[in-house]
There are 2 protein chains.
Amino acid sequence: MSVPRVALTVDLVILTVREQRLCALTWMRDSEPYRGCWSLPGGFIQLDEDLPVAAARVMDEKAGLADVRIHLEQLATFGYPDRDPRQRVVSVTYLGLAPNLPASSRAQVTWKPVDVLLAREENAFDHRRILRDGVERARSKLEYTPLAAAFCPPEFTVAELRRVYEIVWGTPLDPRNFHRKVTGADRFLVPTGTTTTRDGGRPARLFRRGGAVQLHPPMLRPSA
Amino acid sequence: MSVPRVALTVDLVILTVREQRLCALTWMRDSEPYRGCWSLPGGFIQLDEDLPVAAARVMDEKAGLADVRIHLEQLATFGYPDRDPRQRVVSVTYLGLAPNLPASSRAQVTWKPVDVLLAREENAFDHRRILRDGVERARSKLEYTPLAAAFCPPEFTVAELRRVYEIVWGTPLDPRNFHRKVTGADRFLVPTGTTTTRDGGRPARLFRRGGAVQLHPPMLRPSA
DNA sequence: ACAAAAGTGTTTGGGATACACCCATGT
DNA sequence: ACATGGGTGTATCCCAAACACTTTTGT
């Protein structure tokens, strides 16, 4: 029995926080279609390759973030027939949250603020839609998982973590109540025992990510 | 440029509540591979077909639930290389919640309790894993969306809705507090103005689904 | 001394839980 | 009359928001 076969890609929504803004890793296209438009880093899946493996390979080859072991989770699959003008291509997308890192050395790959990307129209395929879904997923994941810490360097202060929440959610948070909530949440943060004054003022305790997978209790967004 | 192409299927996790149990629609395989094992209803995607359209077609052709317009949402995509012994097949899965309906007239398609399906090993491909993910998604969706009402007939009582929650979550709920919460949630339920005594006792008001998409405030599971 | 940021204590209000109690039907 | 389930009222508790206040640094 013969069945239709389609080309399958993995496309990545890699987010970070840098210079007080939520940014996504973009690939500037230098060939048709959509030459000169931004796209998400992506690549075709090999026949013998598992989906997460393909995602990790694209992280390496296209995004230039090979060494960095960042959290990658499946976002959604996009496959309406004409999303790629050349042929039927179905895209399995992954969401990753990274600390503020230099991206690839290639000029083609850069961090861009998501609000700029979502406002501009010059995007390839349906990648603006995919980015929007990824950002929304990240926003809600911050509520009930400890993934906000994935945006931070290995050691960070409570205030730095709060800045992540404020930038991703786009809302100011009360520093005092935030402090109590995150330090009280089960296995969210583990103190290193050291402090830093890099943010000015009184020395702040440094923390590392704890082993929690879910957040109890969750950090809920202000009612919006 | 030549790229690898793979076969793509849509597989459905269709859940309902019947006879006090959470059940899933299963397809009994009558050909190899996995002859005699249960599987999820599924089918190959056509070249010119959007993914949700393919899901609706499978609902019709395989599940025999054509007329019924039920809620279908994308669940996840499964694609490790050897999940189908014949060839590389990637499966885009959808989750649907249905009221208690007669399934197809074909004996091959039946409702089976999910606890039985998840306990048994005689399943095709990785469909047990997919079912498990679908059930978990449904459980958490009941918390913050009004989808529990999708398990009910068009008109239903608060107690019938409560039974849905109790069966899907596997926990008893306080009838009084449940009543207050669901009738107080914004646009969850709209009263029809009529009552029924089909459950015995004092007549219960009948409700229809309201227009809410999210639940404010959410119905949280007992801490478990 | 003063500014700046970290961290703690305290009050208060809304929502959830637990449960007593009343209502409206069938038998 | 009584059983059965529908529905309301109420005390209590917990948690989160709001914000005054103390602590510890740099300049």
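It should be emphasised that the depicted structure is a prediction, and the values quoted were computed from it without experimental measurement. A, B, ... follow the sequence lines: proteins, then strands. Residue 1 opens every chain.
A salt bridge links A:Arg163 with A:Asp199: at least one charged nitrogen is closer than 4.0 Å to a carboxylate oxygen. Salt-bridge formation is detected for the pair B:Arg129/B:Asp133: a Lys NZ or Arg NE/NH1/NH2 atom is positioned less than 4.0 Å from an Asp or Glu carboxylate oxygen. By the 4.0 Å N-to-carboxylate-O rule, B:Lys141 lies too far from B:Glu136 to be salt-bridged with it. One finds a salt bridge joining B:Glu122 and B:Arg120 here, because a Lys/Arg side-chain nitrogen approaches an Asp/Glu carboxylate oxygen to under 4.0 Å.
Of the two residues near DNA chain C, B:Asn177 and A:Ala204, the one whose nearest nucleotide lies more 5' is A:Ala204.
Across all strands shown, B:Pro175 has no heavy atoms under 4.0 Å from either base or sugar-phosphate atoms.
With B:Lys62 contributing its side chain and B:Gly42 its backbone, the two residues share a donor-acceptor pair below 3.5 Å.
In this entry the distance linking CG of B:Leu189 with P of D:dG7 reads 11 Å, nearest Å. Rounded to an integer number of Å, the gap from A:His216 NE2 to D:dA16 C1' is 18 Å.
Residues B:Leu97 and B:Ile70 fail the side-chain proximity criterion, which asks for heavy atoms closer than 4.5 Å.
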Per-nucleotide protein contact string for nucleotides 20-27 of chain D, where B marks a base within reach and S marks sugar-phosphate only (heavy atoms under 4.0 Å, - for neither): BB-BBB--
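Close approach of DNA chain C to chain B, defined as any atom under 4.0 Å from a non-hydrogen atom of the protein, starts and stops at C:dA16 to C:dT25.
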